[in-house]
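Proteins get letters first, then strands, A, B, ... in listed order; numbering begins at 1 in each. Note that this is a predicted model, so its numbers are computed, not measured.
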Amino acid sequence: MSTQDTPVSSNFIRQIIAEDRHNNKHNGRVATRFPPEPNGYLHIGHAKSICLNFGMAIENNGSCNLRFDDTNPEKESIEYMEAIQRDVQWLGFSWDNLCHASDYFEQLYAYAVQLIEQGLAYVDSLSADEIRAYRGSLTEAGKESPDRSRSVAENLDLFARMRAGEFNDGDYVLRAKIDMAAPNINMRDPAIYRIRRVHHQRTGNAWCIYPMYDYTHCLSDALENITHSLCTLEFEDHRPLYDWVLTQLNTPSHPQQIEFARLQLEYTIVSKRKLNQLVIENHVHGWDDPRMPTLAGLRRAGFTPKAIKDFCERIGLTKQNSWIEMGVLEYCIREDLNENALRAMAVLQPLRVVITNYPETQCERLCLSNHPQRPELGHREVPFARVILIEQDDFAELPPPKYKRLTLGGEVRLRGAYVIRCDEVIKNEQGQVIELRCTFDEATLGKNPEGRKVKGVIHWVAQDYSYPAEIRLYHRLFTVPHPDNEENFLSVLNPNSLEVLSDCRVEESLVAASSEQRFQFERTGYFCLDAVEASQERLIFNRTVTLRDGWVKE
RNA sequence: UGGGUCGUCGCCAAGCGGUAAGGCACGGGGUUUUGAUCUCCGCAUACCAAGGUUCGAAUCCUUGCGACCCAGCCA
């Protein structure tokens, strides 16, 4: 599926599927699957695959399964399975069937027995090291294992005993008998079953042998009657093995594997192993840390499913290794939030301003629009009083060229309120500006002053009618665009990726913000009420992304 | 002198023999009580290179060059 506003462009997989339907291949049916291993949280790279697989199914009136590739219990867990389902649903997709490779273990075992009977698989007693040595190298053919000629009867017996738990881990493996001289190393008698006495999150202790990916994946696809098995480029070399297994066995179908380039996003990483390391070693505060490129992290930062799906459509789909600039993702979330987030005012680094000609005890409740371009989104009341707070950055004693905000003796518009003039700057002993004394022009509420132009507009809150909040600003997690190229990716972690501002003040209306609700704090960016740590008593907003800043500073 | 894959604008990406779409980024103009949004304009005589086929080539052929992936009992 694609969002309605993103034009759908042609890509090679769309073309293949369209052609297959035209030729009535698979009776015109389209069935895909998203097959994560439950060994970590889903990240933005998975989103590309999710959008592709579910998208092709939706576009073609087909089906898409969520299938857990759970054949390596050592690294997998229920927590990850649950998180993955949550994230896929959050993105807005529904699977046709929830599947697990482990559901096919019995069937897979039976197929392996068939392979043995056909003389196409054998039990090998070589150690892992020996198998590696026998495999040859990129330029030299491998050697055949002495066990390659084991009789069918003996193989059958040994394989049954592997399953029965008669051997220790590593004593034996079941190998496909293909070709030790094959130029494609994946075809040099790959292992298809190994012994692992590990408790499996779903099958418990029922098995002590587990099938390998290459053997499991193609058969799982075939058993689910998948038509197009979409995966990333690194599996290209595995396709001959995928097809070999399905050709030898009499399976319900023979899906077509098609490979595409995985997403690489600048200034971040999408390796589950490395993301896991960031979590384990506490470089971030969990898988859902807003700095993480995980779906859980992006969600907590305030990204929307719509923006992420839009992003996945915009970046295209090819077989070219490429790096996407952060700007594309930022554009997508800004586009969505600009249209849909309510506006509000928050002062991140307050500077006290006393409006000397404003009555001491007066408080006006000004009416501000929730969205300048969408009046149907309503308006709200914002209290205005004698003492207000503005952003420290919005005042400059020595303004740089083209500065449009407040200066000593200068005027500025308070957003939705009056024009004020700064008459006096008050400093502490260290010379820091701690207060501004200003006067307001009563005639400028809702209209421009006469005879002069005020070019600047700044946001504000009334000191006594605002609320304290913590605001977390997130910066890129890494200091270089391609952290993966680094010898040690941790060495290029950005030490300042999290900036916590604890003295912020937000307008009254934000007290009613709901969990995960997103806002535009005018002039500063898009923010989201933190879903984990915020409460009625403690307002915490996460910055999703800044506003575009077209101001060229000198 | 192993195998597989890929080379079109700073970053993505259409193009499928008829004379280089689009998006992001960037530069400039206009509107604006957000330096936002919106809007207008600009942005590859050129498709890794060199040959060849053709009336015509980014598209076909040849030869180079460059990049990525593969030697887990991981996926």
Asks: Under 4.0 Å, counting only non-hydrogen atoms across every strand here, what does A/R188 touch: a base, just sugar-phosphate, or nothing?
Replies: nothing
Asks: Looking only at atom types and distance, does a side-chain atom of A/H200 sit under 3.5 Å from a main-chain N or O of A/D70, one as donor and one as acceptor?
Replies: yes
Asks: Counting any heavy atom closer than 4.0 Å, what does A/Y403 reach on the DNA or RNA strands: base, sugar-phosphate only, or nothing?
Replies: base
Asks: How far apart are the C-alpha atoms of A/R413 and A/D441, what are their side-chain angles, what is the distance that settles it, and do they pass the salt bridge (charged side-chain N to carboxylate O under 4.0 Å, His left out) test?
Replies: CA-CA 10 Å; A/R413 155 79 60 186; A/D441 181 344; over 6 Å; no
Asks: Could you tell me how far apart A/I13 (CD1) and B/A14 (P) are, to the nearest whole angstrom?
Replies: 11 Å
Asks: What is the separation between atom CD on A/Q320 and atom C1' on B/G7, rounded to the nearest whole Å?
Replies: 7 Å
Asks: For B/A13, does OP1 or OP2 lie under 4.0 Å from any side-chain N or O of A/R314?
Replies: no
Asks: Within the modelled atom types, does a donor on one side and an acceptor on the other bring the side chain of A/R413 and the base of B/U33 under 3.5 Å apart?
Replies: yes
Asks: Using the side-chain heavy atoms of A/Y331, tell me which of these nucleotides is nearest: B/G2, B/C24, B/U34.
Replies: B/C24
Asks: Distance criterion of 3.5 Å, no angle test: do you see the side chain of A/E236 paired donor-to-acceptor with the base of B/U5?
Replies: no
Asks: B/A50 pairs with which nucleotide, Watson-Crick or G-U wobble, both distances below 3.5 Å?
Replies: B/U62
Asks: Taking OP1 and OP2 of B/U37, is either one under 4.0 Å from a side-chain nitrogen or oxygen of A/R548?
Replies: yes
Asks: Now, which nucleotide makes the Watson-Crick or G-U wobble pair with B/A57, with each of the two distances under 3.5 Å?
Replies: none
Asks: Going 5' to 3' along nucleotides 65-75 of chain B, which nucleotides have protein heavy atoms under 4.0 Å from the base (write B), which only from the sugar-phosphate (write S), and which from neither (write -)?
Replies: ---SBBBSBSB
Asks: With nearest nucleotides of RNA chain B determined for A/S10 and A/S322 from heavy-atom distances, which residue corresponds to the more 5′ nucleotide?
Replies: A/S322
